[in-house]
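Lettering follows sequence order; numbering is per chain, from 1. Worth knowing before you read on, the calculation uses all heavy atoms, side chains too, and leaves out hydrogens, waters and symmetry mates.
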Amino acid sequence: MAVGELPPLPNAEMGKVVLRLAPFPSGALHIGNARMLYLNDEYRRRYKGRLLLVFDDTIGSEEKRVDVELFDVILHDLEIAGTPPDEVFYKSDRIPHFYPWARRVIELGGAYVCICPAEVLRENRRAGRACPERAQDPPTTLDLWEKMLGGTFGPGEAVLRLRTDLADPDPAFRDRVLFRISDVEHPRVGQKYRVWPLLEFSWAVDDIELGPTHVIRGKDLVMEDRMEQHIWKLLGIHGPPFLHWGMLRVKEAAIHKSKAYREVKSGEYDGWADPRTWSIDSLERRGIQPEALRRFTLSFGLSLADIEVPAETLYAENRQIIDPTTPRRAFVADPVRVDVTGYPDDRRTVELANHPDRTELGKRIVTAGPSFYLPREEIVRHIGGEIRLKDLANIRLPAEIASEATIVRAEFLDLPNRRIPRIQWVGAEGAVDVDMLDPEGQHATGIGEAALRDAAPRDILQFERVGFVRVEASHMAGNAPVRVCFGHR
RNA sequence: GCUCCCGUAGUCUAGUCCGGUCAAGGAUUCGGGGCCUUCGACCCCGUAACGCGGGUUCGAAUCCCGCCGGGAGCACCA
């Protein structure tokens with residue numbers, strides 16, 4: 001689906017649309033979150049509206065802890081994704097805004113303070129059974145609510161619950177909890193508050209106070225629509241319409257945010273940019289262009305269907321963007337030195353185009369034989385046969401080589417291009433060590449052509465017959481290898 | 001189990017609201033061929049789909065019913 005084909009937003013006015021992004025700071029934004037980013041951003045662009053970033057950093061739970069480091073990580077992710085917010089809010093700054101609304105809901109008889117232990121509450125909900133407190137009148141609830149705020153109750157001893165309908169066919173919707181008590185230290189506001197709102201209530205308020213005109217969220221949050229609407233109806237107000245997208249899974253990316261979090265924290269992963277996290281940051285590290293991510297995610301539209309897509313689809317988008325402007329270079333993994341006998345002296349250097357189809361990318365002089373590095377894998381595959389050193393000359397490989405051989409002898413044949421296997425090569429003279437990080441977190445060492453000395457960090461190159469890589473660190477004056485991160489074929 | 005949502009080729013998607021122009025379009029993958037001194041790009045060709053069963057209708061991918069399959073929610077998480 002082309003980008004322009006997304007359906008129009010209901011009742012959207014040019015210049016007046018306000019959208020919001022609400023990530024919880026428990027991990028970097030990953031490829032699955034990209035849908036949230038680009039859908040919202042695309043509509044912001046289309047309607048020349050505004051995009052708010054609202055960190056959903058209420059107190060969370062034991063399993064979901066707010067981590068301060070992640071605020072900047074997410075901000076950075078948004079930046080490199082090309083979807084910077086127009087304004088940033090922190091839920092943790094807004095806690096006092098929620099209390100007056102809670103009072104109004106209580107006064108209208110829409111909520112009550114429940115002192116059941118969590119398990120009892122859950123069991124009653126499942127059974128559709130009311131607990132004794134449900135019969136509270138508003139003055140009593142108000143009194144208990146003040147006690148919650150005042151510190152009479154400890155964590156877990158009382159919650160404010162919405163009064164819906166215990167017979168509601170959807171058990172998930174029965175008398176949800178609106179506020180609960182926690183004395184956990186919040187990384188931004190410490191222990192300033194002890195009564196914290198849950199997501200649904202905080203959004204029922206902020207989708208009014210912060211003024212989004214449309215809420216575009218994942219379908220995991222559909223029940224929250226009903227909650228917000230229930231509260232608005234009680235209050236006699238109208239909120240923005242909701243739109244949803246289905247769950248996106250990328251086949252190769254086992255997106256377990258909690259696992260990524262553990263591995264990053266333990267140092268097992270190389271930070272949030274480790275390719276194994278599939279974070280936005282790691283994708284940019286691999287040379288995936290924001291525009292490719294945008295086209296990729298928007299191609300799924302606003303469908304409610306859950307989908308699993310192979311990463312190849314993303315790579316195809318990216319290839320389309322970078323291929324025309326990416327210089328070609330030679331890289332040989334697991335190199336074996338090959339000395340070619342009879343190699344002509346006038347072929348010690350050769351001028352090669354930086355791109356086979358784009359002359360504007362220029363040329364380079366490459367140092368060639370008589371000594372080369374070739375991939376061990378190719379030597380083994382074509383042992384005893386004739387191969388073409390790509391763009392250069394034809395040689396015959398020896399009939400056998402020792403499995404541990406580091407140097408083998410080959411025989412020069414001739415120059416003209418022939419239809420025999422074409423293998424990339426690196427001239428031994430001036431060759432540069434290369435360290436290549438792959439998406440599985442493994443480092444491969446190899447050798448690259450001398451021109452790699454000029455490669456600068458962030459450059460994107462194509463290693464011929466290998467794939468696209470992004471340069472991470474230049475070749476240093478000493479012996480440090482050029483470091484690159486593999487992107488894709 | 002309960003609630004809601006979804007079901008078009010290997011994958012993703014257009015079409016479904018307002019039934020005929022859809023013997024179903026596009027992208028990607030895959031297969032074949034061409035071209036270029038890359039396993040990249042480009043060009044050409046090809047394989048391949050309306051989950052199943054009823055019903056309404058002159059006519060259904062589109063409307064109705066049932067079933068089957070998949071997903072999400074059922075947290076004092078977000």
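- For B:U38, its base never sits under 3.5 Å from the side chain of A:R422 at any donor and acceptor pair.
- A:P171 comes within 4.0 angstrom of a nucleotide base, judged by non-hydrogen atoms across all strands.
- One finds no salt bridge joining A:R217 and A:E224 here, because no Lys/Arg side-chain nitrogen approaches an Asp/Glu carboxylate oxygen to under 4.0 Å.
- With A:F300 as the aromatic partner, A:R35 does not meet the cation-pi criteria of under 6.0 angstrom to the ring centre and within 45 degrees of the ring axis.
- Nucleic acid contact for A:L221: base, since at least one base atom lies under 4.0 Å from a heavy atom of the residue.
- A close approach under 4.0 Å does occur between a side-chain nitrogen or oxygen of A:S303 and OP1 or OP2 of B:U13.
- Residue A:E377 is classed as having no contact, given no heavy-atom separation below 4.0 Å to the nucleic acid.
- Between the side chain of A:E200 and the base of B:C77, no donor-acceptor pair of N or O atoms lies under 3.5 Å.
- Contact annotation: A:R319 does not reach the phosphate of B:G40 (side-chain N/O to OP1 or OP2, under 4.0 Å).
- The distance from atom CG of A:L461 to atom P of B:A41 is 17 Å, rounded to the nearest whole Å.
- Between the base of B:A78 and the side chain of A:E224 there is a donor-acceptor pair shorter than 3.5 Å.
- Using a 4.0 Å heavy-atom distance criterion, A:P324 is classed as making no nucleic acid contact.
- Residue contacts for A:D56: at a heavy-atom cut-off of 4.0 Å it reaches the sugar-phosphate backbone alone, with no base atom in range.
- Here A:T58 lies in heavy-atom contact (under 4.0 Å) with sugar-phosphate atoms only.
- At a cut-off of 3.5 angstrom, counting only N and O atoms as typed in the model, there is no donor on one side facing an acceptor on the other between the side-chain of A:D225 and the base of B:G73.
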Working for ring pair (Phe, Tyr, Trp, His ring centres under 6.0 Å), residues A:F486 and A:F331: CA-CA 12 Å; A:F486 185 79; A:F331 165 79; 9.4 Å; no
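- With hydrogens and angles ignored, a donor-acceptor pair under 3.5 angstrom links the side chain of A:Q462 to the base of B:U38.
- Listed candidates were B:G71, B:G73, B:U38. Nearest to the side chain of A:P356 is B:U38.
- In this structure, the nucleotide among B:C12, B:C5, B:C74 sitting nearest to the side chain of A:V309 is B:C12.
- For B:C30 and B:C17, the P atoms lie 36 Å apart once the distance is rounded to whole Å.
- Backbone-only engagement by A:G60 is indicated by non-hydrogen atom pairs under 4.0 Å involving sugar-phosphate atoms exclusively.
- Looking at heavy-atom distances under 4.0 Å, A:R122 makes contact with sugar-phosphate atoms alone, never a base.
- Comparing B:U38, B:G71, B:A41 against the side chain of A:K219 picks out B:G71 as the nearest.
- Atom NE2 of A:H488 is separated from atom P of B:U38 by 19 Å (rounded to the nearest Å).
- For A:S26 and B:C77, the shortest distance from a side-chain N or O to OP1 or OP2 is not below 4.0 Å.
- Only the P atoms considered, B:G66 is 26 Å distant from B:G73, to the nearest whole Å.
- Between A:F173 atom CZ and B:C4 atom C1' the separation is 12 Å, expressed in whole Å.
- Atom CD1 of A:I307 has more than 12 heavy atoms from other residues, nucleotides or ligands within 6.0 Å.
- No engagement by A:F179 is indicated, since no non-hydrogen atom pair under 4.0 Å with the nucleic acid exists.
- Of the candidate nucleotides B:U28, B:C76, B:U37, B:U28 has the atom nearest to the side chain of A:A316.
- At the phosphate of B:A78, OP1 or OP2 sits under 4.0 Å from a side-chain N or O atom of A:R180.
- The P atoms of B:C22 and B:G55 are separated by 27 Å, rounded to the nearest whole Å.
- When the C1' atom is used for both B:A72 and B:C64, the distance is 27 Å, rounded to whole Å.
- Looking at the side chain of A:F300, the nearest of the listed nucleotides B:C12, B:G40, B:U37 is B:C12.
- The closest donor-acceptor contact from the side chain of A:D438 to the backbone of A:Q442 lies under 3.5 Å.
- Distance NZ (A:K64) to C1' (B:C77): 5 Å, rounded to an integer number of Å.
- Nucleic acid contact for A:V159: base, since at least one base atom lies under 4.0 Å from a heavy atom of the residue.
- A:P310 comes within 4.0 angstrom of sugar-phosphate atoms only, judged by non-hydrogen atoms across all strands, and of no base.
- For the pair A:R125 and B:C76, the criterion of a side-chain N or O lying under 4.0 Å from OP1 or OP2 is met.
- Closest approach to the A:L199 side chain among B:C12, B:A78, B:C76 is made by B:A78 (side chain taken as heavy atoms from C-beta onward).
- Out of B:G71, B:C74, B:U28, the shortest distance to the side chain of A:M247 is found at B:G71.
- Residue A:D323 is classed as a sugar-phosphate contact, given heavy-atom separations below 4.0 Å to backbone atoms only.
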